[in-house]
Amino acid sequence: MISALWDLRVDKVVADLKEGKRIDGRKVDEIRKITITHGVSENADGSARVKLGLTDVIAGVKMVPGTPYPDMPDEGSISVGAELLPMADPEFEVGPPRDEAIELSRVVDRGIRESKAIDFKDLCITEGEKVWVGFVDIYIINNDGNLFDACGIAAMSSLLETKMPKIEDGKIVKGEYAGKLKVRAKPVLSTFAKIGNVVVADPILSEEKAMSARFSVTITEDDNITAFQKGLPGSFKIDELNGAIDVAMKNSKQIRKLL
Amino acid sequence: MGKKKEEQIIYVDSKGKRLDGRKVDELRPIKITAGVIPRADGSAYLEWGQNKVFAAVYGPRECLPKHTASPYKAVIKFVYRMAAFSVPDRKNPKPGRREVEISKVCGEALERAIFVEKFPNTSIDVTVEIVDSNAGSRIAALTAASVALADAGIPMRDMVCGTSVGKAGGKIIVDLDKDEEDASDAVDIPIAMLPNSKEVVLLQLDGVLTRKEWDEAYKMAEVSAMKVYEVQKQALKAKYINGEADANKAEKKGVEEK
Amino acid sequence: MTKRLVIPGELVTEERKKLGSHVFVREGKIYSDSIGLVNDEADFASVVPLEGKYAPQMNDVIIGVITSERFAGYGVDINSFYPSFVSKKELREVLKPGSIISAKIMKVNEFNEVELGSIRLFFGGEIMPVTPVKVPRLIGKEGSMLNIIKGGTGSNIIVGRNGRVWAKGGNLDLLRKSIEKVEREAHVDHLTDRMAEFIQSQTGGKKPEAPRGEEMFGEGEQ
């Protein structure tokens, strides 16, 4: 392993940006190379490994039977969880998910939920008795920045290839599947970092160490906005936010083709 | 379900073939790649049958919290975890007692292999994540961790390799898979050793064996562990052997361009 | 011909020899403790590792990066097992996080903690990483490899034993490529010859202008 000296040199990231250069040579609205591999875990009902530059994450879906809420007897649900594994970064600690992991999980979840990518009525097994709960568990393997977008892509990719466990006489037949999970939308999460007065798309780790604020937006196929998240103590001007949304609309089309 | 159905399963047939077609002393296919996590000091990805494992090493580095450090040696902190989707019935992400126990015995297995006295006051942090499993995941974890440690350049007196060995349907077999572990008379023995001195560093047993069966099992396990060692060796050397191929290509190109 | 590649625990030699670095004895035979290349000389055996963190040695010149400022001094990353520290009393210059310094290792204790001295702040320039254990290869026998690279790039170069190279001026792109070449081929013989050929092919034999009056150290903005 060669240490990324840039992580220590926030000053260089900032200085380069003042001259319009990003530390890895990209343009301000350019995203890194994305590779998606499906079927990386056979025990999962659907899984995907996503590399966004050197950021490396794995997501797996398990469809688990559960009881519906009394006020929504014909609806199942989804639950998204992300873990910052200690293997991914020398600063990630062993232990239960902390604030960052929880925020990450909820932002990814929000985009999927609000865009109605999954219709919860499709997850009903027996009304009032049994419904499916779709658990999406995401694990960070290597952190090189922008875990948000990598997890967003991984979650959607794994859902898109999820098979539904077979049900016979109201009982689950282990190891057998009947059809795929119905995914009705393909929301794409795009995250930006504010460094000094510049807003860059898909921040690499060194840029994240230099950023004062973070902005994420989820865009749907019909160019609608389904989630916002501003993070960290800094601030954005409205022009900066709108600029980012424009870039997100453009980049999300490119990303959606890969899902 | 029940005993009646089980009695019909033949774990090893008259031709010596197991449920998945393997012979009694045959391992499942193993593939290892070293250096897959750029941020870590050392890492490895391993597939063993259906098992899929990531291992990463950080260290030697400052041992925190300070009260866990030792002035005599590096402290090995081994964390074995299973992803929620790595098993047939989704597992609660919170680590259970099984994971805590496995973390402990695996860390203790590695300590004999590493020259811990060379790095007092530090910790060597090993984390392993199982993303897909089918019996034998703790030995898979240890095998991958060993490669990750060498990849990190941490001085060791030997690698750590191993296998599971045991019994199903009355026959002694190596590398049990999940179907075999479920046999009514199943015996499962994970065992790990240092390949050059044959020192046993991990040994556990679930089930009942006669003394004679244990002798047969150990002999088989030792032979299998050496096969695993060969795969580890190839994986570590592959990074450099390929590099040499590149260097020779470059040299050839340079000559041609003149 | 390439030196033999071994992994931890692999046999180096069965003969009785003096022990060099990264080897140990068991039952009269000599084994490697790391993944590396075997040096099996007439009277002693050692292994040159291909991986591993920088283990500080007294008198080494290293390149550090300031990570934090405290009341009495600065935290420094020296790319080893622990971060280090320099007290403000020892410095003429004012530093800040991201500042690059060269320093000498004055003392190493039994825990591998270091005391740094002869601290100088670099003025401008860039740092490039190289695997610490490959630094001797980058320098070469009596500096032969480094001289070839300096000649070909015309850059001011300082190599830190801790796996960092500081460079200013000249053909930095060629320098980067040369370092990558050493990284990839450190384990193959005749690297110095191949490096000379490589530099020749990249520059067409033209010697670049040596940077004049370039200051390497001093205060001010980087």
Side-chain angles (χ1 to χ4, degrees), chain A residues 1-4 7 39-49 51 53-66 79 81-83 85-97 101 105 133-145 158 162 165 172 174-175 205, chain B residues 1 34-45 47 49-59 61-62 64-65 77-95 99 103 123 125-134 137 144-145 148 151-153 178-179:
Chain A
M1 183 228 58
I2 298 180
S3 71
D7 292 355
V40 294
S41 174
E42 291 168 51
N43 270 313
D45 298 325
S47 61
R49 180 172 175 187
K51 292 192 194 174
L54 291 179
T55 293
D56 193 350
V57 314
I58 287 194
V61 177
K62 290 294 274 184
M63 301 304 296
V64 180
S79 172
E83 264 195 62
L85 294 180
M87 64 174 59
D89 192 304
E91 292 173 27
F92 290 172
E93 287 171 13
V94 180
S105 312
V133 179
F135 286 95
V136 185
D137 292 291
I138 314 170
Y139 296 90
I140 316 298
I141 306 287
N142 189 70
N143 178 23
D144 198 20
S158 57
T162 295
I172 298 169
K174 258 201 189 169
L205 186 63
Chain B
M1 270 272 292
V36 296
I37 302 178
R39 205 125 170 86
D41 294 325
S43 59
Y45 172 69
E47 292 186 0
Q50 187 188 339
N51 292 301
K52 296 175 185 70
V53 167
F54 284 93
V57 168
Y58 284 98
R61 60 176 176 175
E62 210 176 348
L64 297 166
K77 297 187 179 173
F78 194 107
V79 175
Y80 163 103
R81 295 284 185 267
M82 300 190 84
F85 50 78
S86 65
V87 284
D89 294 324
R90 181 180 178 265
K91 180 193 162 295
N92 189 319
K94 241 175 37 177
E99 283 156 302
S103 300
S123 69
D125 299 311
V126 186
T127 64
V128 177
E129 188 79 18
I130 314 291
V131 297
D132 202 4
S133 73
N134 184 318
S137 66
D151 186 51
K178 193 159 192 311
D179 293 328

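Throughout, protein chains are lettered first and strands after them, A, B, ... in sequence-line order, and every chain is numbered starting at 1.
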Against chain A, label [X] side chain, backbone, both or neither, depending on which of its atoms sit under 4.5 Å from a heavy atom there.
| X | result |
| --- | --- |
| P95(B) | neither |
| V131(B) | both |
| V128(B) | backbone |

query: So do the side chains of I58(A) and F85(B) get within less than 4.5 Å of each other, counting heavy atoms only?
result: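 Touching, per the 4.5 Å side-chain cut-off.
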
- prompt: Would you say the side chain of D125(B) lies within less than 4.5 Å of the side chain of P86(A), judging by non-hydrogen atoms?
  reply: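 In short, these two side chains do not touch, never coming nearer than 4.5 Å.
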
task: Output yes when a side-chain donor or acceptor of R61(B) lies under 3.5 Å from a complementary backbone atom of P90(A), and no otherwise.
output: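 Flag set: sc R61(B) to bb P90(A) pair under 3.5 Å.
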
Which pair of non-hydrogen atoms, one from [X] and one from [Y], has the smallest distance, and what is that distance?
| X | Y | value |
| --- | --- | --- |
| M87(A) | F54(B) | CE-O, 3.5 Å |
| S86(B) | S41(A) | CA-OG, 4.4 Å |
| Y139(A) | M82(B) | OH-O, 4.4 Å |

query: Checking side-chain contact (heavy atoms from CB on, under 4.5 Å) against R39(B), which of D89(A), D56(A), T55(A) comes through?
result: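 Per the side-chain contact (heavy atoms from CB on, under 4.5 Å) rule, the option paired with R39(B) is D89(A), out of D89(A), D56(A), T55(A).
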
query: Between atom CD of E129(B) and atom CD of E83(A), what is the distance when rounded to the nearest 0.5 Å?
result: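 Result: 6.5 Å between the selected atoms.
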
query: Can you tell me how far the CZ atom of R90(B) sits from the OG atom of S79(A), to the nearest 0.5 Å?
result: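 Between R90(B) CZ and S79(A) OG, I get 6.5 Å after rounding to 0.5 Å.
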
message: I'd like to verify something: which residue of I172(A), L54(A), L85(A), V61(A) has the highest number of heavy-atom pairs under 4.5 Å with chain B?
response: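 Option with the top pair count is L85(A).
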
field: Identified side chain to side chain donor-acceptor pair (under 3.5 Å) counterpart of N43(A) within the set D132(B), N134(B), D89(B)
entry: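 So the option named by the test is D132(B).
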
field: Region of V40(A) that comes under 4.5 Å of a non-hydrogen atom in chain B
entry: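 Contact with chain B: backbone only.
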
- prompt: Under a 4.5 Å heavy-atom cutoff, which of P88(B), A55(B), S133(B) has the most pairs with chain A?
  reply: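 The option with the most such pairs is P88(B).
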
